[in-house]
Amino acid sequence: MLREIGVFVCFLALGGLLNTELTGVLDDCFCDVESIDVFNNFKIYPRIKKLTERDYFRYYRVNLKRPCPFWPDDGHCSIKDCHVEPCPEIPVGIKSGNYNKYTKAANTMSDMTECEQAKELGAINSTLSNQSKEAFADWARHDDAQDHFCELDDETSPDAEYVDLLLNPERFTGYKGPSAWRVWNSIYEENCFKPRSVYRPLNPLAPSRGESGKSISALCLCLEKRVFYRLISGLHSSINIHLCAKYLLDEGWGQTVWGPNVKEFRRRFDMAETKGEGTRRLKNLYFLYLIELRALYKVAPYFERSIVNLYTGNSQEDGATKDLLLQVFNEIKTFPMHFDEKSMFAGHKIEAKTLKEEFRLHFKNISRIMDCVGCSKCRLWGKLQTQGLGTALKILFSEKEIKNLPEHSPSKGFQLTRQEIVALMNAFSRLSTSIYQLHNFRLLLKENR
């Protein structure tokens with residue numbers, strides 16, 4: 001306990017190095033930034049990181065070839081580091097696909113042509129063993145069909161494939177500029193419950209105008225609309241932190257170096273660089289963390305039933321994975337300041353129902369926009385994190401169904417498919433990693449003072 005108190009004081013001291021306003025109680029809830037930092041970084045992050053490395057959670061089935069439903073001309077990234085046309089000659093290692101492309105292949109980058117380097121940087125490693133493929137077939141049979149909160153890929157499509165998330169980490173790939181801005185601009189301008197008085201530029205990294213001095217909670221939005229806007233903003237902030245933490249620093253001399261880019265982090269979040277927007281963005285990250293944390297708290301009874309098995313075909317592996325998952329849930333139950341979702345959609349019955357449906361449709365539309373992300377790796381992680389958030393919202397809106405779960409009937413009542421479970425836990429893991437990385441950036445900023 002004394003150690004945690006000491007760490008808590010350390011966080012308080014370091015908070016000012018990033019932003020003097022990134023502290024204290026968050027809007028729309030009764031939790032403070034400092035408590036989340038300590039809880040996440042010392043209790044949740046080590047466990048959730050270990051959990052998502054287990055076989056059940058590391059493989060995600062996704063269709064990266066679905067066309068963009070909004071602007072067909074931008075279905076593929078034109079930036080060389082995200083996507084290139086097939087090269088005349090491909091290195092033997094990439095052609096064989098029999099090893100981790102981020103170990104041996106990374107050390108042969110200097111021997112590749114510019115075209116080959118571009119393909120490698122944006123490549124998705126989908127290499128799977130025959131044993132893994134057999135396990136996936138069992139997983140598919142093990143799942144039950146269920147309505148989904150967001151737009152999902154058709155897992156039976158020949159274009160859908162399993163991807164090893166550990167071999168394809170989320171990091172900066174070079175995908176930026178108008179193509180990337182258009183995706184976020186579409187999300188903010190067309191799909192968020194954003195007040196008309198707030199200007200959101202095409203480039204989401206550019207400073208805002210007009211209402212820049214006010215927090216989103218001070219604007220004329222009801223709680224539900226504020227929540228929706230903050231969820232999207234928090235997701236955007238989290239993704240930006242991942243890219244800053246694993247930035248392409250050097251790809252010369254036979255070695256590719258990925259690591260934290262403090263300058264890029266400042267550009268996206270520093271008070272002076274963003275004219276005050278950075279604090280709001282980071283607070284929305286914490287808010288999104290609380291929303292998904294609350295969803296995990298609510299869904300714990302679903303997984304605590306003895307009939308729920310995280311099935312891979314390896315009973316020893318499955319048992320260890322579930323034990324670790326239950327450890328995460330037990331830690332979450334100790335957190336004293338959960339978000340209270342009961343205040344949402346609590347007004348007039350008809351109006352509340354209409355607003356809830358509008359909320360659902362807006363988010364479903366955002367999940368469709370993820371198919372417009374040109375970079376394959378960015379699309380992979382965007383789709384996964386969007387589905388994870390959609391699953392969290394589905395849980396929060398299904399409280400009665402979860403409370404009435406049958407103890408011995410896995411096919412009745414509230415259901416989650418394996419894809420939803422994998423997305424839910426990996427999405428929360430990404431948020432947990434973002435908050436953990438914030439502490440690392442605080443230390444780096446202190447060193448650079």
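Hydrogens, waters and symmetry mates play no part in the numbers below; they use all other heavy atoms, side chains included.
- A donor-acceptor pair shorter than 3.5 Å can be found between the side chains of Ser434 and His242.
- The aromatic rings of Tyr188 and His236 are tilted relative to each other, their planes meeting at an angle between 30° and 60°.
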List the steps and the verdict of side-chain contact (heavy atoms from CB on, under 4.5 Å) for Leu326 and Glu304.
-> CA-CA 7 Å; Leu326 295 182; Glu304 289 169 347; 3.9 Å; yes
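- Ring pair His338/Tyr297 is tilted by interplanar angle, where 30° to 60° counts as tilted.
- Side chains of Ser432 and Asn40: a donor-acceptor N/O pair is present below 3.5 angstrom, by distance only.
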Might you work through the side-chain contact (heavy atoms from CB on, under 4.5 Å) test for Met370 and Arg379, ending with a clear yes or no?
-> CA-CA 6 Å; Met370 290 301 160; Arg379 182 182 295 200; 5.5 Å; no
Chi angles and distances behind the ring-ring contact (aromatic ring centres under 6.0 Å, His included) call for Phe428, Tyr289 | CA-CA 7 Å; Phe428 181 69; Tyr289 179 90; 5.1 Å; yes
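- Annotation for Pro69 and Asp371: closest pair CD-CB, 4.4 Å, computed over non-hydrogen atoms.
- Using a 4.5 Å cut-off on side-chain heavy atoms (C-beta onward), Phe287 and Val227 make contact.
- Between Arg268 and Cys244, the closest heavy-atom pair is CD-SG, 3.6 Å.
- Other residues, nucleotides and ligands contribute at most 12 non-hydrogen atoms within 6.0 Å of the OH atom of Tyr436.
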Could you walk me through whether Phe363 and Phe228 pass the side-chain contact (heavy atoms from CB on, under 4.5 Å) test, one step at a time?
-> CA-CA 8 Å; Phe363 189 82; Phe228 191 95; 3.8 Å; yes
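- The shortest non-hydrogen separation linking Phe269 to Ser237 is CZ-O, 3.6 Å.
- In summary, the side chains of Glu170 and Gln385 do present a donor paired with an acceptor at a separation below 3.5 Å, with no hydrogens or angles considered.
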Would you please test Asn309 and Lys322 for side-chain contact (heavy atoms from CB on, under 4.5 Å) and show each step?
-> CA-CA 7 Å; Asn309 179 27; Lys322 185 168 182 180; 5.7 Å; no
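- Of all non-hydrogen atoms in Leu288 and Gly234, the two that sit nearest each other are CD2-C, 3.6 Å.
- Side-chain contact between Leu424 and Ile395 is present, with at least one heavy-atom pair separated by less than 4.5 Å.
- For the residue pair Trp71 and Arg182, the shortest heavy atom distance occurs at CD1-NH2, 3.4 Å.
- Glu277 places no side-chain N or O within 3.5 Å of a backbone atom of Thr274 that could act as its donor or acceptor partner.
- Looking at Trp381, its side chain does come within 3.5 Å of a backbone N or O of Asn168 through a donor-acceptor pair.
- Asp270 places none of its side-chain heavy atoms less than 4.5 Å from the side chain of Phe265.
- Side chains of Asn426 and Thr52: no donor on one and acceptor on the other come within 3.5 Å.
- When side chains are defined from C-beta on, Phe303 counts as touching Leu416, because their heavy atoms get closer than 4.5 Å.
- Residues Tyr286 and Asp37 bring a donor and an acceptor atom of their side chains to less than 3.5 Å of each other.
- Side-chain contact between Phe70 and Asn365: present, with at least one pair of heavy atoms (C-beta onward) separated by less than 4.5 Å.
- Remark: the Thr321 side chain and the Asp318 side chain contain no N/O donor-acceptor pair separated by less than 3.5 Å.
- Asn440 and Gln437 share a donor-acceptor pair across their side chains, judged by distance under 3.5 Å alone.
- In this structure, Lys43 forms no cation-pi arrangement with Phe335, as its terminal cationic atom is not both closer than 6.0 Å to the ring centre and no more than 45° off the ring axis.
- Within the model, atoms CG of Leu310 and CD of Glu317 stand 10.0 Å from one another, a figure rounded to the nearest 0.5 Å.
- Here the side chains of Ile232 and Asn284 are not in contact, with every heavy-atom distance at 4.5 Å or above.
- By the 4.5 Å heavy-atom criterion applied to side chains, Asn261 and Phe172 are not counted as neighbours.
- Tyr56 carries Arg418 over the face of its six-membered ring, with the cationic atom under 6.0 Å from the centre and within 45° of the normal.
- Both tests pass for Arg305 against the ring of Tyr302: distance under 6.0 Å to the centre and angle within 45° of the axis.
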